[in-house]
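None of the values given here were measured: they were computed from a predicted structure.
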There are 2 protein chains.
Amino acid sequence: MTMEFEKIADILKALADPTRLKILSLLRIRDCCVCELVPIFNISQPAISKHLSRLKMAELVRETRKGQWVFYSINEKRLEEIRYALSHLPDLSEELRELEQQGLTVICE
Amino acid sequence: MTMEFEKIADILKALADPTRLKILSLLRIRDCCVCELVPIFNISQPAISKHLSRLKMAELVRETRKGQWVFYSINEKRLEEIRYALSHLPDLSEELRELEQQGLTVICE
DNA sequence: AAACTATATAACCATATTGTTATTTATGCA
DNA sequence: TGCATAAATAACAATATGGTTATATAGTTT
């Protein structure tokens, strides 16, 4: 249920780029193929391709080949998962309890 | 209201690290000072200090000096903002409309 | 004032990220 | 079969990231 810190960080890294966020925003309107995305951005086709690959690795998008085109679609479920993960990060109460037992807790005033 | 792609990406970059996510999870339990966080992680004090500085830049935490200690607290409002931003990314319908006008839209089947 | 504790900053290094151009692979069609 | 188009991969370069150790700064205590 609760996602590991490493896993959450990996998905957030895939999200943490303006180009990839723009791609996701476009895919919210409709599925797009690579050759449609390229003219919208000021970067090369391989760059777009790599961004899509990064998003696919994080399962934020899915790809479907249609003839010579590869269409990408958004995986809204994954985005919902990451929003949920940010609200429900793994619990670290135990770590703070150990800190207290080791007498390393700082108390002031 | 709607946050720019660059701005959202900056905040997501600050979040996209397992150590910083752990720090935020700890601060959800209670405010902590740097010297309490250090023994919980297997990294140096300056490393923790830099992570906190990164979180502060993104306004995900706030700092308060109490005597010789600096206590950090979580800014839940900022986290709520980023969750909202992921649900409401800036609209790019116009970009797709221009694509159609330029005849670059791909239609198959 | 001097010594101690807590935190931040500087300088540095290894690796990751994000772009490029050149090339390869996959599909469609004359 | 051979050529055109779409997309992915390879090789490379510049910059960002995340760690280190050494040092500076801020506050406390003797």
*Kindly check if the number of other-residue, nucleotide or ligand heavy atoms within 6.0 Å of CD (B:Glu4) is above 12?*
no
*Flag the pair B:Glu76 and B:Arg28 as a salt bridge only when some basic side-chain nitrogen lies within less than 4.0 angstrom of an acidic carboxylate oxygen.*
yes
*Grab the NZ-P distance between A:Lys66 and C:dG28 for me, whole Å please.*
13 Å
*Integer-rounded Å distance: D:dG18 C1' and A:Asp10 CG*: 15 Å
*A:Arg65 side chain near D:dA6 phosphate (N/O to OP1/OP2, under 4.0 Å)*: no
*Roughly, in whole Å, what's the span from CG in A:Asn42 to C1' in C:dG19?*
13 Å
*Measure from the side-chain heavy atoms of B:Ile43 and tell me the nearest of D:dG19, D:dT17, C:dT18.*
D:dG19
*Across the strands shown, which category fits B:Lys13 at heavy-atom distances under 4.0 angstrom: base, sugar-phosphate, nothing?*
sugar-phosphate
*Pairwise 5' ranking along DNA chain D for B:Val106 and B:Arg20, keeping only the more 5' one*: B:Val106
*B:Lys50 has an atom NZ; how far is it from atom P of D:dT20, in whole Å?*
9 Å
*Please report, rounded to the nearest Å, how far the C1' atom of C:dA26 is from the CD atom of A:Glu63.*
12 Å
*asked:* Looking at A:Arg97 and A:Glu100, is any side-chain nitrogen of the basic one under 4.0 Å from a carboxylate oxygen of the acidic one?
replied: no
_Selected nucleotide, minimal atom distance to B:Ser49 side chain, candidates C:dT20, C:dA11, C:dT7_ = C:dT7
*Counting only distance, no hydrogens or angles, is the base of C:dA8 paired donor-acceptor with the side chain of B:Gln45 under 3.5 Å?*
yes
*At under 4.0 Å between heavy atoms, what does B:Glu36 touch on the DNA or RNA strands: base, sugar-phosphate, or nothing?*
nothing
*Under 4.0 Å between a side-chain N or O of B:Ser44 and OP1 or OP2 of D:dT20?*
yes
*Send over the distance from B:Ile48 CD1 to D:dT17 P, rounded to a whole Å.*
18 Å
*Name the closest nucleotide to the A:Gln68 side chain, picking from D:dA7, D:dT17, C:dT27.*
C:dT27
_Exercise: identify the closest heavy-atom pair between A:Met3 and A:Ile8_ = O-CD1, 3.4 Å
*When all nucleic acid strands are considered with a 4.0 Å heavy-atom cut-off, which category describes B:Tyr72: base, sugar-phosphate, or nothing?*
sugar-phosphate
*Answer yes or no: is there a side-chain heavy-atom contact under 4.5 Å between B:Arg20 and B:Leu15?*
no
*Starting from P on D:dA8, measure out to CG on A:Leu52 and report it in whole angstrom.*
7 Å
*Which whole-number value in Å describes the distance from B:Phe5 CZ to C:dT18 C1'?*
18 Å
*What nucleotide, of C:dG19, C:dA6, D:dG18, holds the atom closest to the side chain of B:Asp17?*
D:dG18
